[in-house]
Amino acid sequence: MSNLYIAFAPLQGYTDAVYRRAHWECVGGVDEYYTPFVRIEKGEIRKKDLRDTDPAANVGVPTVPQVIARDGDEFARLCDALQGQGWSRIDLNMGCPFPMQVKAGRGSGLLQYPERVEEILKEMQRRPEVIFSVKMRLGQESEEEGLRVMPIINEMPLIHVTLHPRLGKQQYKGVADKESFERFMEACRHPMVYNGDLSDQWPVVSDQLKGVMIGRGLLARPWKLSDKEPHEVIKEMHTIIYRHATEHLCGDSQILSRLHAFWEYLDIPHKQKKAIMKATTLRRYNETVAFLNR
């Protein structure tokens with residue numbers, strides 16, 4: 001796997017700057033950590049998103065801020081904000097399948113509007129100082145949508161294209177279509193990164209297949225890229241996340257919300273996880289995670 005590019009996919013509410021740092025310091029093995037997408041809501045860029053991409057919160061961690069946009073104007077505003085923070089590496093999300101974003105023409109919904117993708121191409125070309133990449137789906141409703149915008153994507157100044165070979169309307173149901181991935185790889189001029197339903201049988205790196213992006217698989221088994229024991233990794237990462245939550249959040253409810261997110265995807269015994277998730281006070285939570293110190 002030495003030549004395989006490995007990216008940690010973003011997941012809103014889980015892979016924030018604190019989690020990314022904890023994984024990097026305790027496990028590593030990742031080439032780039034992608035942030036949950038920075039977005040525009042009610043006409044404004046979410047301040048919460050910009051706090052997560054604040055370079056001060058990401059010092060030393062190989063981080064890539066990701067944006068989600070419905071057209072060239074939104075894309076330009078988001079790039080301006082990130083470049084204003086000092087970033088020169090940005091990823092565009094054209095793969096998010098969540099209905100709220102799709103209905104707004106963002107994420108996989110953007111693939112239905114080639115003219116808007118063209119606007120974004122022009123914005124990228126106006127920013128030669130930025131290193132761009134794109135994350136996408138096969139399409140929203142059909143594979144033809146993704147193939148139709150591929151000539152535009154081929155003109156974008158990209159270091160790679162990450163493809164999750166499902167349709168947006170599938171969300172995460174069904175099976176990732178690896179044959180479709182091959183078809184897209186034939187149509188794409190850029191190096192490609194595979195994302196979706198990755199097992200231990202990872203693809204072999206080639207001139208065009210650059211590597212893999214892993215999301216839920218690493219949230220479930222964050223120790224996957226290290227020789228450390230699972231218990232050791234969980235304990236070390238939990239220490240960092242627990243310290244940050246108790247020092248920066250107010251009240252048991254806020255603290256527990258952040259701590260529960262750490263455990264939600266983890267591959268641990270069901271009975272153990274259930275007890276942790278049911279804890280409604282910090283005192284009870286500390287009792288349920290006492291096994292970490294054994």
Side-chain angles (χ1 to χ4, degrees), residues 5-41 43-69 72-96 106-107 120 123-135 156-160 162 193 210-211 213-215 218-219 222 225 236-250 254 258 261-262:
Y5 166 84
I6 299 175
F8 201 139
L11 196 62
Q12 197 77 38
Y14 299 91
T15 60
D16 60 9
V18 180
Y19 183 93
R20 297 191 300 269
R21 176 170 301 283
H23 189 272
W24 176 246
E25 291 182 358
C26 301
V27 183
V30 170
D31 291 291
E32 292 183 317
Y33 292 83
Y34 287 62
T35 73
F37 52 72
V38 182
R39 73 188 84 171
I40 291 176
E41 275 187 359
E44 300 294 333
I45 300 174
R46 287 209 325 173
K47 291 183 173 61
K48 179 181 178 182
D49 298 341
L50 292 177
R51 285 196 295 272
D52 189 61
T53 59
D54 184 342
N58 295 281
V59 173
V61 181
T63 303
V64 178
Q66 185 183 84
V67 301
I68 193 167
D73 178 64
E74 281 196 357
F75 183 72
R77 290 176 61 193
L78 292 164
C79 286
D80 285 345
L82 289 174
Q83 288 182 257
Q85 287 185 321
W87 294 101
S88 58
R89 170 84 175 88
I90 298 173
D91 185 72
L92 169 64
N93 184 313
M94 293 201 296
C96 176
R106 302 187 186 100
I120 289 173
E123 279 299 327
M124 286 184 176
Q125 291 172 332
R126 292 188 187 106
R127 301 166 191 268
E129 69 280 8
V130 179
I131 300 170
F132 289 107
S133 57
V134 161
K135 185 175 189 293
M156 290 178 172
L158 306 175
I159 56 167
H160 61 245
T162 301
V193 175
K210 179 177 179 178
M213 176 179 279
I214 318 167
L218 277 179
L219 279 171
L225 301 175
E236 289 179 359
M237 289 185 66
H238 180 265
T239 297
I240 294 171
I241 292 168
Y242 183 93
R243 183 186 304 122
H244 186 274
T246 53
E247 289 177 357
H248 293 87
L249 301 178
C250 298
Q254 276 192 25
R258 180 63 193 89
F262 170 71

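The basis for the numbers below is simple: all heavy atoms, side chains too, and nothing from hydrogens, waters or symmetry mates.
The aromatic rings of Y19 and F8 lie perpendicular to each other, with more than 60° between the two planes, well past the 30° mark. Relative ring orientation between F262 and H238 is described as tilted, the plane-to-plane angle lying within the 30° to 60° band.
Here the closest heavy-atom approach between residue A57 and residue A17 is recorded as O-CB, 3.8 Å. Closest of all the heavy-atom pairs between A9 and G215 is CB-CA, 3.7 Å. Taking each heavy atom of P65 and T53 in turn, the nearest pair found is CB-CG2, 4.0 Å. Across I159 and S133, no two heavy atoms sit closer than the pair CG1-CB, 4.2 Å.
Donor-acceptor pairing under 3.5 Å is lacking for the side chains of R89 and T63.
Applying the side chain to side chain donor-acceptor pair (under 3.5 Å) test between D16 and each of R21, H244, R258, R51 identifies R258 as the sole match.
Listed for the D52 side chain is no donor-acceptor partner under 3.5 Å among the backbone atoms of V18. The closest donor-acceptor contact from the side chain of W24 to the backbone of Y33 lies at 3.5 Å or more, if one exists at all. A donor-acceptor contact shorter than 3.5 Å is absent between the side chain of D31 and the backbone of A7. Not one N or O on the side chain of N93 forms a donor-acceptor pair closer than 3.5 Å with the backbone of G107.
A 4.5 Å side-chain heavy-atom check between L218 and M213 finds every atom pair outside the cut-off. S88 has its side chain out of reach of E129: every pair of non-hydrogen atoms, C-beta onward, lies at least 4.5 Å apart. Side-chain atoms of H23 and T15, non-hydrogen and from C-beta on, never get closer than 4.5 Å to each other.
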Could you give me the CA-CA distance, side-chain angles and deciding distance for Y5 and H160, then say whether side-chain contact (heavy atoms from CB on, under 4.5 Å) is met? CA-CA 11 Å; Y5 166 84; H160 61 245; 3.5 Å; yes

Test side-chain contact (heavy atoms from CB on, under 4.5 Å) applied to V30 and I214, step by step: CA-CA 10 Å; V30 170; I214 318 167; over 6 Å; no

Stepwise side-chain contact (heavy atoms from CB on, under 4.5 Å) check, L78 with E123: CA-CA 11 Å; L78 292 164; E123 279 299 327; over 6 Å; no

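No salt bridge links E74 with R77; every basic N to acidic carboxylate O contact stays at or beyond 4.0 Å. A salt bridge does not link K47 to D54: none of the charged side-chain nitrogens sits closer than 4.0 Å to a carboxylate oxygen.
Rounded to the nearest 0.5 Å, atoms CE (M156) and CD (Q125) are 9.0 Å apart. Here CD1 of I131 is found 11.5 Å from CG of L158. Values are rounded to the nearest 0.5 Å. Taking SG of C96 as the reference point, atom CZ of R39 lies at 8.0 Å (rounded to 0.5 Å). Note that the CG atom of L50 and the CD atom of Q85 stand 5.0 Å from one another [nearest 0.5 Å]. Note that the CG atom of L92 and the CZ atom of F75 stand 5.5 Å from one another [nearest 0.5 Å]. Rounding to the nearest 0.5 Å places CG of D80 at 8.0 Å from CD1 of I45.
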